[in-house]
Structure formats: C-alpha cells, structure tokens
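Report on one structure; see the data block that follows.
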Amino acid sequence: MRTGTLGPAQRAEALAAMAERELDVLVIGGGVVGAGTALDAVTRGLSTGLVEARDWASGTSSRSSKLIHGGLRYLEMLDFALVREALKERGLLLERLAPHLVKPVPFLYPLQHRGWERLYAGSGVALYDAMSMARGHGRGLPVHRHLSRRHALQVAPCLRKDALVGALQYYDAQVDDARFVANLVRTAAFYGAKVANRARVTGFLREGERVVGARVRDVEGGGEYEVRARQIVNATGVWTDDTQGMVGERGQFHVRASKGIHLVVPKDRIHSTTGLILRTEKSVLFVIPWGRHWIIGTTDTDWDLDKAHPAASSADIDYLLERVNSVLSVPLGRDDVQGVYAGLRPLLAGESDATSKLSREHTVAHPAPGLVVVAGGKYTTYRVMAKDAVDEAVHGLDQRVADCVTEETPLLGAEGYQALWNARARIAARTGLHVVRVEHLLNRYGSMAEEIFDLIAADPALGAPLRAADDYLRAEVVYAASHEGARHLDDVLTRRTRISIETFDRGTRSAREAAELMAPVLGWDEDRIAREVEHYDKRVEAERESQLQPDDLTADAARLGAPDIVPLT
C-alpha cells in the first residue's frame with residue numbers, strides 16, 4: 001500500500017532500501033528544489049532516493065519571505081522570461097498543485113510622486129496581470145486597482161498621510177515554505193521515493209571518472225550506507241560548492257550566499273487590511289500578512305560565515321525597523337518584534353568577470369559523468385528547476401524515460417481539499433472542534449486533515465491547543481513526529497509549526513509540552529525529553545544574544561554558542 005507517512009519506521013526502511021539496490025536517481029538536499037527533484041524523478045517511473053543532512057527545509061527553504069510570486073521587480077529589469085515562468089508556476093500552485101497551501105495575498109504599493117509614478121508603476125502592474133492571465137493561470141487572483149490617497153488610507157490606516165499621494169493594489173500568493181517542502185517530500189514518498197532526513201552524504205563513490213553513488217551516514221543512528229545510483233543530483237543550495245568539493249571536480253559556476261532577515265510582529269501593531277510593498281534604496285521591502293502576525297522583510301547582504309545558522313544582527317533589525325517606520329503613523333519598536341529569522345539565498349556567480357553578475361535564475365550542469373548539479377533560482381520556480389535537473393540526469397541514463405508530469409500531479413492534501421472546505425461547518429460539528437480550528441487544519445494539511453481528526457477521535461486530549469501557543473493543537477505536534485518526519489523538538493517548533501517566530505517567548509514555554517507529546521512516537525525517555533528542551537532553550541538564548549550584536553561577525557559567534565543537537569561531524 002502506498003503511503004506518504006514519514007515516521008521513524010519509514011525512515012529506517014528507506015535507508016535500508018537505498019543501500020540494498022542501485023537507484024536510478026539519488027537526490028542530495030532536502031530543500032524545495034531537492035524535494036521537487038525527487039518528486040519529478042519518481043513520477044517519471046525512476047527509482048529514486050532523497051537524503052538530507054539535517055531536517056527537511058532546514059536551510060533556505062524554511063527562511064524565505066514565504067511568497068509565491070512572479071517577481072514584479074524583475075519586470076523593471078526587463079527580465080520578462082523569468083517573470084512569465086514564475087507567474088505560470090504561481091498559477092499552477094494556486095489552482096491545481098497545492099490550493100490548500102498556497103493562498104492569494106493583497107499588496108498595496110504607496111505612490112510618492114504625482115503623475116509619472118502612477119503611470120510608470122501602473123503600467124508595470126498592468127503588464128504583470130496581463131502576463132499572468134495570458135498563460136491561463138491568473139484567473140484565480142483579482143486584477144490590480146488604482147487607489148486615491150483617501151481610499152488607500154482606508155485600506156491601510158497604518159500609513160502616514162505624508163507617505164503617499166495615492167496607491168496601487170495588486171495580488172500575489174504566499175505559502176508556509178517549510179510546510180510546503182515537507183508536503184513535497186511526503187508526496188514523493190507516496191509515489192515510491194525512498195526518503196531520509198538526518199542522513200548526511202560524507203563522500204562519493206567513483207569508478208574511474210564516473211560518480212556511481214554516495215556514502216551516507218545516519219547521523220542519528222550512526223550507521224554508514226553505500227548508496228549506489230546511476231545518476232546523482234546535487235541540490236544542496238548554498239552548500240553546492242561544498243558538496244561539489246567532495247567530488248574533487250572544479251565547478252562550472254559558484255554559489256554565493258546572500259543573507260536576508262525578516263521580523264515577525266503581532267497583527268495589531270500594524271492597522272491594515274492589506275500587505276505593503278515599499279521601495280528602498282537597494283530593493284523592495286514587504287510587509288506580509290501572516291495569520292495573526294505580519295512578516296517584515298527583507299535585507300540583502302553578502303554572507304560568508306556559518307551557512308547552517310545565519311545570524312541576524314542588531315544592525316539588520318534596526319535597518320528593517322527604520323525602513324518600515326518611514327511610512328507608518330505609529331512606529332514599531334524592538335519590543336514589538338515577536339520573532340526574527342535569517343536565511344541565505346543561493347545566488348549564481350560565474351568564475352570570470354564577464355559572468356560574475358549574481359542571478360536569481362537557475363543553472364543545471366553535468367560536471368562529471370553520473371553527477372548533475374542544479375543551483376540558483378527562486379522558491380516559486382522550484383518545479384521548473386527540478387524538471388531541468390531530471391531532464392539532464394535522464395541524458396545519462398541511456399534509456400527511454402517518460403516526460404515530466406509534475407505539472408499535472410497535485411501534492412498530497414490537494415485532492416478533495418475544496419470539498420472538505422465547503423463542508424467545514426459539518427466537520428466542526430462532527431469533530432467538536434470550532435470551525436476556525438477546522439479551517440486552520442484544512443489550510444495546513446488539506447484533505448490529510450482527516451488524519452488529524454482521527455488522532456483527536458482516538459485521544460480527545462489532543463484536540464486541545466498547546467497551552468503557550470494556542471494557534472496550534474496538541475495533535476499537530478504528535479502528527480509532526482508520526483507522519484511528517486520530525487525527529488527533534490526544534491523540527492516541530494521551528495518548521496512543522498512556526499511557534500519559534502510567532503510567540504514572544506520564541507517557543508520556550510511550549511518546549512516541554514511539545515517534547516512530551518513527541519516522546520511516545522519517537523521512543524524518548526525522561527532524560528531525552530530534558531535534553532531536547534535544554535537544547536531548544538539554548539538555541540533561543542543564542543539567537544537572542546546574536547540579535548543584540550552590532551555586526552555579522554559578532555552575531556555569528558553568538559549564534560554558534562548553541563551547538564546542534566545532532567552534530568554532523
């Protein structure tokens with residue numbers, strides 16, 4: 001029976017199966033591109049494996065602006081192909097592939113100059129809408145509209161009256177990025193991929209010039225595996241150069257890391273019914289609706305320090321507060337910030353001056369026989385990157401392989417979502433949950449929410465919210481460990497839920513309760529529970545300390561004061 005369950009037993013079985021017989025494709029890297037590549041490969045009928053050294057989406061793919069968008073600012077750069085491609089993907093995700101996870105979100109763009117700016121910006125937004133609808137994937141979103149200053153202030157009373165002369169409003173889409181990746185991985189597993197997180201590639205197997213497999217270490221259980229594959233795909237994002245270094249091959253390009261930080265503030269701190277997009281001297285700044293919160297970001301600075309735990313400095317936080325306060329009638333202060341997170345964008349950089357322009361476009365290469373590398377790109381276009389990577393791998397398989405079908409393959413939870421959404425009042429009556437809770441679950445799990453309802457039916461205590469994070473039910477913590485591959489407390493509080501950035505205590509008051517809920521699923525004793533809670537507390541303490549430091553160097557040193565709960569070395 002096919003299953004998308006990622007529990008401890010399935011992980012152990014996957015590692016054993018990958019070592020047992022040669023795969024067609026082994027994907028290294030459990031971010032959105034790696035997970036998408038595994039799904040693409042397995043749905044073409046290829047035997048597929050996916051390994052990730054840490055947790056699913058633990059790098060860049062859980063620390064984005066959480067937007068699925070065409071990249072309105074790329075129109076200004078005349079990069080029409082990138083925008084067209086991204087708009088098509090946005091439409092597919094909204095309408096077909098993941099309507100339970102990807103949702104429309106409105107943005108207001110304040111105009112600061114009379115006459116020419118409305119014409120200039122309005123033409124760009126009109127082109128954005130037209131390009132979306134021309135591909136047949138934009139009908140799910142309202143078209144943009146022009147607003148007078150008076151109307152704009154009714155929509156967004158938070159704005160200072162002298163900060164705008166009028167406004168434009170348009171729509172894009174948003175997603176819980178880490179949840180989306182976990183869903184991608186589960187969907188790949190459902191179609192037959194063997195997947196394992198906390199499984200680190202320590203080296204490659206070679207026969208002459210050809211790469212024929214990888215050495216994989218189970219960083220939890222300590223076992224070592226030799227996984228042989230006819231083609232390996234390196235989809236490790238900002239770690240691309242490190243992974244390539246294990247092969248000993250000179251790369252055809254390099255990946256540079258650019259740090260972006262985001263602030264999370266409570267909904268009541270910014271009085272608005274719409275998100276905001278603001279111009280800065282370097283790029284744009286978003287204020288994004290996020291449940292009972294706002295996400296404010298982002299920055300864009302070079303980062304050459306620790307890749308696993310990029311740190312936000314005091315200067316980063318001050319920069320965002322200063323920029324957003326320039327338009328707010330009631331300014332935000334440090335005390336208003338509930339959460340802070342930092343992520344790294346993988347940007348392509350060529351080796352010569354002629355190709356040194358950093359790019360958000362992606363590249364696929366075949367640097368050695370048996371090895372494909374895919375890098376760059378943006379979250380929205382992950383599916384195209386995955387398709388291109390598998391297309392390249394297929395060239396080395398010397399057999400006829402089916403074409404990509406992921407454009408027609410909904411993620412788990414998408415099928416039946418709309419029917420359950422229409423029946424949410426009846427579901428609430430059946431389960432005893434408030435209809436708002438049912439809506440919350442449907443928008444996180446889609447039709448798989450029925451599995452959460454089953455947990456609550458078996459143990460009604462799981463239908464209660466967490467005491468210090470009442471946006472989430474106790475059942476969701478159990479489900480994260482039993483079905484979604486969560487191995488540690490940090491996985492649940494940071495990625496399966498967003499408690500770590502959505503509460504002022506950063507999840508420390510929920511840590512013990514969550515660890516006790518995970519314990520029966522993962523076989524933890526009291527000592528292990530205490531260790532998980534202690535590690536989480538130290539991580540939060542180190543992050544808070546890093547955010548008081550004046551620059552990247554001191555912030556990085558402070559953040560590294562909390563070691564990983566499972567060392568990779």
Side-chain angles (χ1 to χ4, degrees), residues 65 67-91 94 104-174 270-289 294 296-300 320 322-329 357 359-361 378 380-381:
S65 296
L67 293 176
I68 297 294
H69 63 122
L72 184 58
R73 66 192 179 99
Y74 296 115
L75 277 184
E76 197 169 32
M77 304 174 190
L78 305 182
D79 198 342
F80 299 114
L82 181 61
V83 175
R84 188 181 300 113
E85 179 180 82
L87 286 172
K88 176 188 174 184
E89 295 304 309
R90 185 191 71 177
L94 275 166
V105 60
F107 285 103
L108 190 79
Y109 175 64
L111 300 170
Q112 297 178 313
H113 305 279
R114 295 189 183 279
W116 69 267
E117 190 182 15
R118 186 179 289 277
L119 179 63
Y120 178 76
S123 298
V125 176
L127 178 59
Y128 193 65
D129 283 347
M131 290 173 69
S132 173
M133 287 186 281
R135 300 301 297 264
H137 291 294
R139 299 186 184 90
L141 295 178
V143 296
H144 76 284
R145 58 180 182 157
H146 287 259
L147 305 179
S148 65
R149 180 168 71 171
R150 180 179 166 189
H151 193 178
L153 291 171
Q154 290 174 345
V155 172
C158 61
L159 293 173
R160 281 175 27 205
K161 291 182 181 178
D162 62 353
L164 73 165
V165 298
L168 296 169
Q169 189 174 46
Y170 74 99
Y171 279 77
D172 254 318
Q174 70 178 164
I270 299 175
H271 188 196
S272 178
T273 60
T274 178
L276 305 173
I277 177 171
L278 311 170
R279 272 193 180 276
T280 68
E281 64 274 19
K282 297 177 183 177
S283 182
V284 294
L285 182 74
F286 287 103
V287 179
I288 306 162
W294 297 97
I296 302 169
T298 181
T299 58
D300 189 356
L320 287 183
E322 181 183 339
R323 295 306 179 277
V324 76
N325 284 339
S326 70
V327 300
L328 295 181
S329 57
K357 179 184 175 185
S359 173
R360 294 311 304 272
E361 296 184 20
K378 55 202 287 278
T380 303
T381 56

| Backbone N/O of C158 and side chain of S272: donor-acceptor pair under 3.5 Å | no
| query | Just wondering, do V327 and P110 contact through their side chains at under 4.5 Å, heavy atoms? | reply | no
| Whether H146 and H144 hold their rings parallel, tilted or perpendicular, with breakpoints at 30° and 60° | perpendicular
| field | Atom pair CG (L278) and CG (L159), whose distance is rounded to the nearest 0.5 Å | value | 8.0 Å
| query | Which distance, rounded to the nearest 0.5 Å, do you find between the CG of L285 and the CD1 of I296? | reply | 7.5 Å
| field | Distance (rounded to the nearest 0.5 Å) between T380 OG1 and R90 CZ | value | 9.0 Å
| request: Could you walk me through whether L141 and S132 pass side-chain contact (heavy atoms from CB on, under 4.5 Å), step by step? | output: CA-CA 9 Å; L141 295 178; S132 173; 5.7 Å; no
| Is Q112 reaching over with its side chain to a backbone N or O of E117, donor-acceptor style, under 3.5 angstrom? | no
| Nearest heavy atoms of S123 and L119, plus distance in Å | OG-O, 2.6 Å
| Over all atoms of both residues, closest heavy-atom pair of I68 and D172 | O-OD1, 4.0 Å
| task | Enter the distance from Y171:OH to Q169:CD here, rounded to the nearest 0.5 Å. | result | 5.0 Å
| Could you walk me through whether Q174 and L67 pass the side-chain contact (heavy atoms from CB on, under 4.5 Å) check? | CA-CA 4 Å; Q174 70 178 164; L67 293 176; 4.1 Å; yes
| Side-chain (Y170) to main-chain (Y109) donor-acceptor, under 3.5 angstrom | no
| request: Go through the structure and list residues passing salt bridge (charged side-chain N to carboxylate O under 4.0 Å, His left out) with R279, not counting sequence neighbours. | output: E76
| message | Pair F286, F107 - check ring-ring contact (aromatic ring centres under 6.0 Å, His included), show working. | response | CA-CA 9 Å; F286 287 103; F107 285 103; 5.4 Å; yes
| note | Of all heavy-atom pairs linking V105 and P289, the shortest is CG2-CD, 3.6 Å
| task | Look up atom OG1 in T381 and atom CG in L87, then write down how far apart they are to the nearest 0.5 Å. | result | 11.5 Å
Give the table of side-chain donor-acceptor pairs shorter than 3.5 Å for residues 147-155, with sequence neighbours excluded, one pair per line with atom names and distance.
residue: S148; atom: OG; partner: H151; partner atom: N; Å: 3.1
residue: R149; atom: NH1; partner: K161; partner atom: O; Å: 3.1

| request: Any chance you could measure L276, atom CG, to L108, atom CG, to the nearest 0.5 Å? | output: 6.0 Å
| When you measure from the side chain of R84 to the backbone N and O of M131, does any donor-acceptor pair fall under 3.5 Å? | no
